[in-house]
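A short worksheet on the structure shown next.
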Amino acid sequence: MTKEAIRFGLCCIFKEQPIKFRTTTAKYLSQFPVEEQKNRLSKICLSNAKTLLKALAFCHQHHIGSFRINSQILPLKTHPQQGYNVRDLPKADQIIKNFMACGKFSLEHDIRTTFHPDQFIVLSSVHPDVVKRSKADLEYQAEVSQWVNADVINIHAGGVYNDKPSALSRLRKVIDSLPDPVRKRLTLENDDKSYSPEDLFPVCRDMEIPLVYDVHHHRCLKDNLSIKDATDLSADTWNREPLFHISSPINGWKSPDMRKHHDFIAVNDFPRNWMSMKITVEVEAKAKEVAVLKLMKELFCDGK
DNA sequence: AGCGGTCAAGTTGAT
DNA sequence: ATCAACTTGACCGCT
């Protein structure tokens with residue numbers, strides 16, 4: 001086992017490894033009778049549960065200590081028309097059994113798992129329907145989290161609607177209404193154009209929500225805090241191992257599209273003050289497992 | 001086997 | 001007013 005303190009995280013998919021999650025679309029499924037739709041969904045869910053175990057095994061083998069689970073691990077789970085309960089699918093028991101095997105594996109081998117619902121989940125929205133669907137999605141991810149022992153469901157604060165205080169106040173209210181399995185896993189992340197760490201700390205402190213500090217986003221959307229300060233304040237919001245994000249811009253820090261992610265992490269983008277911390281760092285890079293392994297090597301093997 | 005078109009969802013900001 | 005970007009492919013259906 002590696003002796004360094006930092007636990008690196010791989011996000012959702014692989015670049016070179018033949019480990020692939022399956023998916024489908026509502027439009028394609030809708031051509032089949034309902035029973036056939038359930039059969040197809042069941043096959044995909046079962047396949048994804050088994051693939052997740054392979055993903056975790058790869059991480060374990062290569063000393064990657066954390067894995068982010070794709071939001072579509074159960075495709076269309078909360079779709080307005082094609083949504084479903086896993087219990088209503090053929091072979092539901094097998095699907096759940098296989099996910100629970102992932103939970104057992106990650107506990108035994110200390111692989112941390114996380115979720116990161118995508119941009120459509122907006123708890124601060126002015127539209128009640130959007131909030132309702134967002135909550136349904138969070139509940140689905142909390143359900144899977146319980147099977148696989150994921151301890152983080154990480155979201156952004158959402159839209160601003162020209163009035164940040166109101167948006168944050170709506171956010172607080174909705175967070176207060178979340179069921180416990182979601183609430184105890186929920187984290188907030190600073191984003192690259194609306195909410196800086198400074199914007200989010202009051203909510204995090206008042207409501208005991210951990211802040212996932214994304215240093216790349218912080219470099220895109222600055223506030224009055226230094227990286228060191230934001231790091232320490234973020235770490236303080238965690239009642240368990242803090243989770244941070246790292247990525248590098250595709251064309252350097254001066255390009256207009258610096259928000260886009262590079263294939264790899266430039267080792268100089270990795271904050272030096274993180275080196276001695278007991279943290280999880282999810283690596284957001286397009287080269288996926290290749291980038292995680294390269295960064296680990298450069299930080300801990302090539303350095304002095 | 002290879003390739004192009006398509007896919008549930010929200011919000012922002014560039015054109 | 002429209003539309004790409006964000007994430008980021010994977011899949012289907014055609015050649």
Side-chain angles (χ1 to χ4, degrees), chain A residues 9-32 36-37 40-41 43-45 47-48 51-52 55 67-84 114-141 154-164 166-168 170-171 174 189-196 199 212 214 216-217 220-221 245-251 255-263 282-291:
Chain A
L10 170 62
C11 298
C12 304
I13 56 175
F14 294 78
K15 182 185 164 91
E16 290 184 352
Q17 289 301 305
I19 300 174
K20 301 235 181 272
F21 292 94
R22 297 184 53 199
T23 188
T24 187
T25 64
K27 195 166 183 177
Y28 176 70
L29 267 190
S30 67
Q31 68 180 300
F32 301 107
E36 176 60 13
Q37 294 185 16
R40 285 176 180 261
L41 285 167
K43 284 208 175 85
I44 294 174
C45 293
S47 165
N48 284 353
T51 300
L52 180 57
F67 185 71
R68 181 192 297 174
I69 301 170
N70 195 304
S71 303
Q72 308 301 319
I73 186 105
L74 304 182
L76 304 172
K77 175 72 172 65
T78 63
H79 185 276
Q81 279 83 47
Q82 315 275 353
Y84 54 91
T114 70
F115 280 87
H116 193 3
D118 47 21
Q119 69 264 33
F120 310 109
I121 280 54
V122 185
L123 297 186
S124 63
S125 178
V126 289
H127 309 289
D129 248 30
V130 173
V131 176
K132 196 175 154 195
R133 288 199 301 273
S134 298
K135 286 173 71 172
D137 219 71
L138 294 178
E139 286 177 41
Y140 136 57
Q141 296 187 36
N154 177 41
I155 60 170
H156 293 290
V160 175
Y161 314 87
N162 298 313
D163 183 353
K164 204 174 270 189
S166 300
L168 285 171
R170 285 194 301 278
L171 177 68
V174 175
E189 177 187 346
N190 62 301
D191 65 76
D192 55 12
K193 51 184 182 200
S194 300
Y195 292 96
S196 67
D199 289 328
V212 171
D214 186 315
H216 177 81
H217 289 160
C220 293
L221 179 70
H245 288 177
I246 184 81
S247 49
S248 285
I250 189 162
N251 290 322
S255 96
D257 56 358
M258 68 175 189
R259 297 202 315 246
K260 281 197 197 158
H261 292 169
H262 192 91
D263 284 355
E282 290 186 334
V283 177
E284 298 185 322
K286 295 201 291 182
K288 297 297 164 183
E289 83 277 16
V290 185

Within this structure, what is the [atom1]-to-[atom2] distance between [X] and [N], rounded to whole angstrom?
{"X": "A:D118", "N": "B:dA9", "atom1": "CG", "atom2": "P", "answer": "12 Å"}
{"X": "A:H156", "N": "C:dC6", "atom1": "NE2", "atom2": "P", "answer": "13 Å"}
{"X": "A:L10", "N": "C:dT8", "atom1": "CG", "atom2": "C1'", "answer": "14 Å"}
{"X": "A:L171", "N": "B:dT11", "atom1": "CG", "atom2": "C1'", "answer": "15 Å"}
{"X": "A:Q82", "N": "B:dA9", "atom1": "CD", "atom2": "P", "answer": "13 Å"}
{"X": "A:Y195", "N": "B:dT11", "atom1": "OH", "atom2": "P", "answer": "11 Å"}
{"X": "A:Q81", "N": "B:dC7", "atom1": "CD", "atom2": "P", "answer": "14 Å"}

Distance test, side-chain N/O of [X] to OP1/OP2 of [N], below 4.0 Å:
{"X": "A:Y161", "N": "B:dT11", "result": "yes"}
{"X": "A:H127", "N": "B:dT11", "result": "yes"}
{"X": "A:K288", "N": "C:dT8", "result": "yes"}
{"X": "A:S125", "N": "B:dT11", "result": "yes"}
{"X": "A:K193", "N": "B:dT12", "result": "no"}
{"X": "A:R133", "N": "B:dG10", "result": "yes"}

To the nearest 0.5 Å, atom CD of A:Q119 lies from atom NE2 of A:H156 at 9.0 Å
Both distances under 3.5 Å, Watson-Crick or G-U wobble: report the partner of C:dT8, or none. none
Searching all strands shown, indicate the nucleotide that pairs with B:dA9 (Watson-Crick or G-U wobble; both distances under 3.5 Å). none
Please pick, from [options], the nucleotide with the shortest atom-to-atom distance to any side-chain atom of [X].
{"X": "A:V122", "options": "C:dA10, B:dG10, B:dA9", "value": "B:dG10"}
{"X": "A:V160", "options": "C:dT7, B:dT12, B:dA9", "value": "B:dT12"}
{"X": "A:V130", "options": "B:dA8, B:dG10, C:dA10", "value": "B:dG10"}
{"X": "A:Y28", "options": "B:dA9, C:dC12, C:dT8", "value": "C:dC12"}
{"X": "A:Q31", "options": "C:dG13, C:dG9, B:dA8", "value": "C:dG13"}
{"X": "A:F120", "options": "C:dT8, B:dC7, B:dA9", "value": "B:dA9"}

Is it the case that over 12 heavy atoms from other parts of the model lie below 6.0 angstrom from the NZ atom of A:K164? yes
Measure across A:Q82 and A:L41 and return the closest heavy-atom pair with its distance rounded to 0.1 Å. O-CD1, 4.4 Å
Shortest non-hydrogen contact from A:H116 toward A:S71: O-OG, 3.3 Å
Interatomic distance at P, C:dA4 relative to B:dT6, whole Å: 12 Å
When rounded to the nearest Å, what value does the distance between P atoms of C:dC3 and B:dC7 take? 15 Å
Is it true that the side chains of A:E284 and A:H216 contain a donor and an acceptor less than 3.5 Å apart? no
